[in-house]
Amino acid sequence: MANIAQLAALVRQPPRTQGVERGSTPHAALGFEAAYDAYGPMVYRLAMVYLGRQADAEDVAQEAFVRLLCRAPAFADGEHEKRWLLRVTVNLCRDQLKGFWHKRAVELEPGLASQAPEGLGLAEAIVALPEQYKGPIHLHYCEGYSVAEIGEILHLGQSAVKMRLKRGRELLRKEMEGLS
């Protein structure tokens, strides 16, 4: 498993969107190369938050862009394309976490379990959250999506997103208070 400090550094990086800023509505979807340049780091960070391993996150990001290249529907605009990529990434991460090999993987490097709790910061605490809270917390606080947008991306109701954000914040608060 990747070092927790490396994971935190990835989560802390601001979203890099070249040519497409969040909130803007471009008139057409980006081409493949432009989409990869604009959304690649964001897709990778989301996969890292869910999976916690660099190699797994790279595999998921690669598969998400292969699906963009081979199976993508017609997009209304760049924001639609971005949300579709995020949704595909979340689904691939969930499939990876349910998979045979993930359940039977043996950790060769020290990871979260051996990390002293006082060494965890906010970003590390987000990575350590249960799966159901990682996505909403990351998308809301790191990527800047609203509750309604997160609901669309994760196929959840707004009340479910609000509850997951609330419970995720409570878990983070408890973890951070325990570190003080």
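Across every non-hydrogen atom of K134 and L129, the tightest pair is CE-O, 2.8 Å. For Y44 against A57, the heavy-atom pair with the smallest separation is CE1-CB, 3.7 Å. T89 approaches A64 most closely through the heavy-atom pair OG1-CB, 3.8 Å. Between Q158 and V147, the shortest heavy-atom distance links the atoms O-CG1, 3.7 Å. Residues L171 and P130 share a closest heavy-atom pair of CD1-CD, 3.9 Å. Closest approach of Y39 and F65 over heavy atoms only: C-CZ, 4.0 Å.
Clustering ILVMFWY residues whenever any of their side-chain heavy atoms sit less than 4.5 angstrom apart, transitively, puts V66 in a cluster other than the one holding F75.
For K174 and E170, the salt-bridge test fails: no basic side-chain N is under 4.0 Å from an acidic carboxylate O. Ionic pairing of E152 and R87 is not present here: no N-O contact between side-chain nitrogen and carboxylate oxygen is shorter than 4.0 angstrom. At a threshold of 4.0 Å, the pair E143-R45 counts as salt-bridged, since one of the basic side-chain nitrogens sits closer than that to a carboxylate oxygen.
With R83 as the fixed residue, the side chain to side chain contact (heavy atoms under 4.5 Å, CB included) test singles out one of E79, H80, E81: E79.
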Exercise for review: Kindly determine whether E175 and L172 satisfy side chain to side chain contact (heavy atoms under 4.5 Å, CB included), including the steps that lead there.
Suggested key: CA-CA 5 Å; E175 183 67 32; L172 287 173; 5.6 Å; no

Practice item. Give the intermediate values and the outcome of side chain to side chain contact (heavy atoms under 4.5 Å, CB included) for residues V161 and L154. Key: CA-CA 9 Å; V161 172; L154 299 179; 5.6 Å; no

Check your understanding: Going through the checks in order, is the side chain to side chain contact (heavy atoms under 4.5 Å, CB included) test met by Y50 and H138?
Key -> CA-CA 10 Å; Y50 269 94; H138 177 76; over 6 Å; no

Review point. Would Y141 and I126 count as a side chain to side chain contact (heavy atoms under 4.5 Å, CB included) if you check the C-alpha gap in whole Å, the side-chain angles of each, and the deciding distance to 0.1 Å?
Key: CA-CA 10 Å; Y141 293 106; I126 292 173; 5.7 Å; no

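Residues L86 and Y145 are in side-chain contact: their nearest non-hydrogen atoms beyond the backbone lie under 4.5 Å apart. Within the 4.5 Å cutoff, the side chain of V60 has no heavy atoms near those of the E63 side chain. Taking the side chain as every heavy atom from C-beta outward, E149 and L139 never approach each other to under 4.5 Å. Using a 4.5 Å cut-off on side-chain heavy atoms (C-beta onward), L92 and V88 make contact.
The CZ atom of R94 lies 9.5 Å from the CD atom of Q132; values are rounded to the nearest 0.5 Å. To the nearest 0.5 angstrom, M42 atom CE is 12.5 Å from C142 atom SG. Once rounded to the nearest 0.5 Å, the distance linking CH2 of W84 with CD1 of I153 reads 13.5 Å. Atom CG of L51 sits about 9.0 Å away from atom CD of E131, to the nearest 0.5 Å. Atoms CG and CZ, from L165 and R167 in turn, are 11.5 Å apart once rounded to the nearest 0.5 Å.
No donor-acceptor pair under 3.5 Å is formed between the side chain of Q62 and the backbone N or O of D59.
Annotation for R67: atom CZ counts as buried by contact number, over 12 foreign heavy atoms lying within 6.0 Å.
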